Structure formats: structure tokens, C-alpha cells
Enquirer: 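Mind looking over this structure? Questions follow.
Note that this is a predicted model, so its numbers are computed, not measured. FYI, side chains are in, hydrogens and waters are out, and symmetry mates aren't considered; it's all heavy atoms of this structure.
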Amino acid sequence: MEEYIEATLKQEFIRPSTSPATSSFFFVGKKDGGLQLCVNYRALNSQTVKFRYPLPPVPATLEQLCGAHTFTKLDLRSAYNLIRICEGDEWKTAFVTPSGHYEYQVMPYGLSNSPSVFQGFMNEVIREFLHRFVIVYIDNILIYSQNLAEHRQHVPSIPEAVKV
């Protein structure tokens with residue numbers, strides 16, 4: 001826990017908080033033996049106005065892959081941290097640990113609107129490639145092509161698009 005706090009303070013993803021709100025912070029074990037961060041945002045999520053940006057429907061998404069033979073999957077680890085929380089709203093994300101009280105400056109996992117907000121962000125960033133040779137599902141990007149020559153042109157265009 002202390003390593004996580006130190007690292008995210010250094011990255012300026014979190015900061016010390018004086019918020020009147022707080023959520024509990026803990027880790028749970030994953031099947032692979034690692035740890036998954038959990039912040040209990042149930043109280044905050046119950047009061048949040050939901051942003052209903054749609055996630056891509058699976059059947060329509062699969063139809064795009066017809067004729068494709070070459071694929072590359074990119075997983076954007078910690079990509080939610082690309083989204084800055086609206087200035088003045090950081091206090092709502094406050095959490096407590098044995099070492100102190102902190103709040104996020106970037107969008108954390110666990111907020112009810114995080115997936116929708118991030119999907120909308122990614123669709124905007126990758127808009128020119130969507131439905132041509134890219135599928136985006138939250139923090140996963142699938143690049144698909146009919147052949148290897150085409151794929152060699154498609155793949156390099158995505159890292160350039162996601163440099164924000």
C-alpha cells in the first residue's frame with residue numbers, strides 16, 4: 001500500500017486531501033497472485049448522475065472483423081489516468097489509508113462513470129480509424145487488417161493517434 005501511495009504521489013495522480021468525504025482503500029488478491037487495488041466508491045456512485053455513453057455492442061463489433069486475417073491487440077495499462085478529474089471535484093474521490101487521507105487528481109477505477117467517460121475519450125482520439133481498421137473497447141485497442149502488408153501500415157498509425 002505504501003509503495004502505491006508513494007508512486008502515485010510522485011506521478012501526481014493523487015495528492016494529500018482535506019476532503020470531508022472518504023472511501024476505504026484496500027487490496028484484494030488476484031488469481032495470478034498479484035494484488036488488485038480497490039477503493040469502495042459505493043456511496044459516491046449511488047449519488048452520481050450516470051453518463052450513459054454506450055460501450056460498443058459485441059455483435060456489431062464482430063461484424064467489422066469479416067475478412068480480417070491479421071490482428072494486433074494493444075492494452076493501455078493505467079490508461080484511465082490519462083483523464084484529469086474536473087478541477088474542484090477531486091475531493092469527491094478522497095480515500096483513507098493507515099498513512100493518511102488522499103484524493104485522486106486523475107480518474108480512478110471504481111467510479112461508475114469511469115468506463116463510459118474513457119470509452120468516449122478513446123473513441124474521440126481514434127475516431128478517424130474506427131470502423132476502418134480499429135476497434136476500441138475501453139482500454140483495449142484491436143487493429144485488424146486483411147493482410148500483413150496492410151497491417152504494417154495500420155499499426156504504426158495508432159501510437160501516433162494516442163499521443164495526447
Enquirer: Minimum heavy-atom separation for A94 and A21, please, with both atom names.
Expert: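 Closest pair (atom of A94, atom of A21, distance): CB-O, 3.2 Å.
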Enquirer: Would you compute the distance between atom CD1 of I143 and atom NE2 of H154 and round it to the nearest 0.5 angstrom?
Expert: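 Result: 9.5 Å between the selected atoms.
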Enquirer: Main chain of P108, side chain of S114: is a donor-acceptor contact present, judged purely on distance under 3.5 Å?
Expert: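 Such a contact is found between S114 side chain and P108 backbone.
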Enquirer: Heavy atoms only: give me the nearest P56-V136 pair and the separation to one decimal.
Expert: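 Minimum heavy-atom contact is CG-O, 3.3 Å.
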Enquirer: Kindly say whether P115 contributes a backbone atom to a donor-acceptor pair with the side chain of Q119 at under 3.5 angstrom?
Expert: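 The answer is no, because no donor-acceptor pair under 3.5 Å joins these two groups.
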Enquirer: Quick one: pull up CD1 in I138 and CG in D75 and give me the separation to the nearest 0.5 Å.
Expert: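 Atom-to-atom, I138:CD1 and D75:CG are 11.0 Å apart.
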Enquirer: Between Y104 and Y102, is the ring pair (Phe, Tyr, Trp, His ring centres under 6.0 Å) condition met? List the steps.
Expert: CA-CA 7 Å; Y104 279 95; Y102 304 95; 9.6 Å; no
Enquirer: So does T48 get a backbone contact from the side chain of K50, meaning a donor-acceptor N/O pair under 3.5 Å?
Expert: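 Present.
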Enquirer: Check whether any side-chain heavy atom of K73 lies under 4.5 Å from a side-chain heavy atom of N140, and answer yes or no.
Expert: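 Yes; the side chains approach each other to less than 4.5 Å.
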Enquirer: Where does the angle between the aromatic ring planes of F25 and F95 fall among parallel (under 30°), tilted (30 to 60°) and perpendicular (over 60°)?
Expert: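 Ring orientation of F25 relative to F95: parallel.
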Enquirer: Between I141 and L76, does a side chain to side chain contact (heavy atoms under 4.5 Å, CB included) hold up when you go through it step by step?
Expert: CA-CA 8 Å; I141 299 173; L76 304 175; 3.9 Å; yes
Enquirer: Can you check whether L35 reaches K30 side chain to side chain, under 4.5 Å on heavy atoms?
Expert: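 Side chain of L35 against side chain of K30, heavy atoms only: no contact under 4.5 Å found.
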Enquirer: Report the residues that fulfil side chain to side chain donor-acceptor pair (under 3.5 Å) with S19, sequence neighbours left out, ordered by chain and then residue number.
Expert: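 In terms of side chain to side chain donor-acceptor pair (under 3.5 Å), with neighbours along the sequence ignored, S19 is linked to no residue.
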Enquirer: Can you check side chain to side chain contact (heavy atoms under 4.5 Å, CB included) on V106 and L82, steps first, answer last?
Expert: CA-CA 7 Å; V106 296; L82 296 173; over 6 Å; no
Enquirer: Under the salt bridge (charged side-chain N to carboxylate O under 4.0 Å, His left out) criterion, do K92 and E103 qualify, and how do the steps go?
Expert: CA-CA 8 Å; K92 297 173 186 175; E103 61 192 28; over 6 Å; no
Enquirer: With a 4.5 Å cut-off on side-chain heavy-atom distances among I, L, V, M, F, W and Y, is there a chain of contacts connecting I126 to V117?
Expert: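 The answer is yes; both residues are in one hydrophobic cluster.
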Enquirer: Is there a path from L130 to L62 through hydrophobic residues (I, L, V, M, F, W, Y) whose side chains come within less than 4.5 Å of each other?
Expert: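 They do not share one cluster, since no chain of ILVMFWY contacts under 4.5 Å joins L130 to L62.
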Enquirer: Indicate yes or no for a side-chain donor-acceptor contact from E124 to the backbone of M122 under 3.5 Å, with no hydrogens or angles considered.
Expert: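 No; zero donor-acceptor contacts below 3.5 Å.
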Enquirer: Roughly how far, to the nearest 0.5 Å, is CD1 of I83 from CG of L111?
Expert: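 Going from CG on L111 over to CD1 on I83, the span is 12.0 Å.
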Enquirer: For residues H151 and S145, is any side-chain donor paired with an opposing acceptor at under 3.5 Å?
Expert: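 On atom types as modelled, these side chains qualify, holding a pair under 3.5 Å.
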Enquirer: Are a donor atom and an acceptor atom from the side chains of S99 and E2 found within less than 3.5 Å of each other?
Expert: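 The answer is yes; a qualifying pair exists.
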Enquirer: Transitively linked via ILVMFWY side-chain contacts under 4.5 Å: F51 with L44?
Expert: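 Per the 4.5 Å side-chain linkage, F51 and L44 are not co-clustered.
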Enquirer: Tell me, yes or no, whether the heavy-atom count around R84 atom CZ, taken from other residues, nucleotides or ligands under 6.0 Å, exceeds 12.
Expert: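 Result for CZ/R84: enclosed.
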Enquirer: Nearest 0.5 Å, what's the CZ-CD1 distance between R132 and I135?
Expert: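 Going from CZ on R132 over to CD1 on I135, the span is 14.0 Å.
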Enquirer: Evaluate the side chain to side chain donor-acceptor pair (under 3.5 Å) criterion for residues Q64 and Y144: first the C-alpha distance (whole Å), next the side-chain angles of each, then the deciding distance (0.1 Å), finally the verdict.
Expert: CA-CA 9 Å; Q64 293 177 53; Y144 58 94; 3.1 Å; yes
Enquirer: Can you tell me if Y53 and N113 form a side-chain donor-acceptor pair at under 3.5 Å?
Expert: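 No.
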Enquirer: Counting distance only, does the side-chain N/O of Y41 pair as donor-acceptor with the main-chain N or O of S23 below 3.5 Å?
Expert: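 Pair absent, no side-chain N/O of Y41 close to backbone of S23.
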Enquirer: May I ask you to decide if the ring planes of F133 and F129 are parallel, tilted or perpendicular, using 30° and 60° as cut-offs?
Expert: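 It falls in the tilted class, 30° to 60°.
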Enquirer: Go through I14 and Q105 one step at a time and tell me if the side chain to side chain contact (heavy atoms under 4.5 Å, CB included) criterion holds.
Expert: CA-CA 5 Å; I14 66 171; Q105 297 188 90; over 6 Å; no
Enquirer: Rounded to the nearest 0.5 Å, what's the gap from CZ on F118 to CG on D139? Could you check?
Expert: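 If we round to the nearest 0.5 Å, F118:CZ and D139:CG are 6.0 Å apart.
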Enquirer: Side chain to side chain contact (heavy atoms under 4.5 Å, CB included) between L142 and L65: does it pass, once the steps are laid out?
Expert: CA-CA 10 Å; L142 180 67; L65 302 177; 3.9 Å; yes
Enquirer: Does Y109 share a hydrophobic cluster with F27, counting links as ILVMFWY side-chain heavy atoms below 4.5 Å and allowing steps through other members?
Expert: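 In one cluster with Y109: F27, no.
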Enquirer: Work out which heavy atom in V28 is nearest to a heavy atom in C38; give both atom names and the distance.
Expert: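 So the two residues come closest at CG2-SG, 3.7 Å.
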Enquirer: Membership question, hydrophobic clusters at under 4.5 Å side-chain separation (ILVMFWY): are V96 and L9 in the same one?
Expert: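 Different clusters: L9 never reaches V96 through Ile, Leu, Val, Met, Phe, Trp or Tyr contacts under 4.5 Å.
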Enquirer: Nearest 0.5 Å please: distance from the CG atom of N147 over to the CZ atom of R152.
Expert: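 Nearest 0.5 Å value for the CG-CZ distance: 10.0 Å.
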Enquirer: Around atom NZ of K10, are there more than 12 heavy atoms of other residues, nucleotides or ligands at under 6.0 Å?
Expert: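 No - once you tally the heavy atoms of other residues, nucleotides and ligands closer than 6.0 Å, there are 12 at most.
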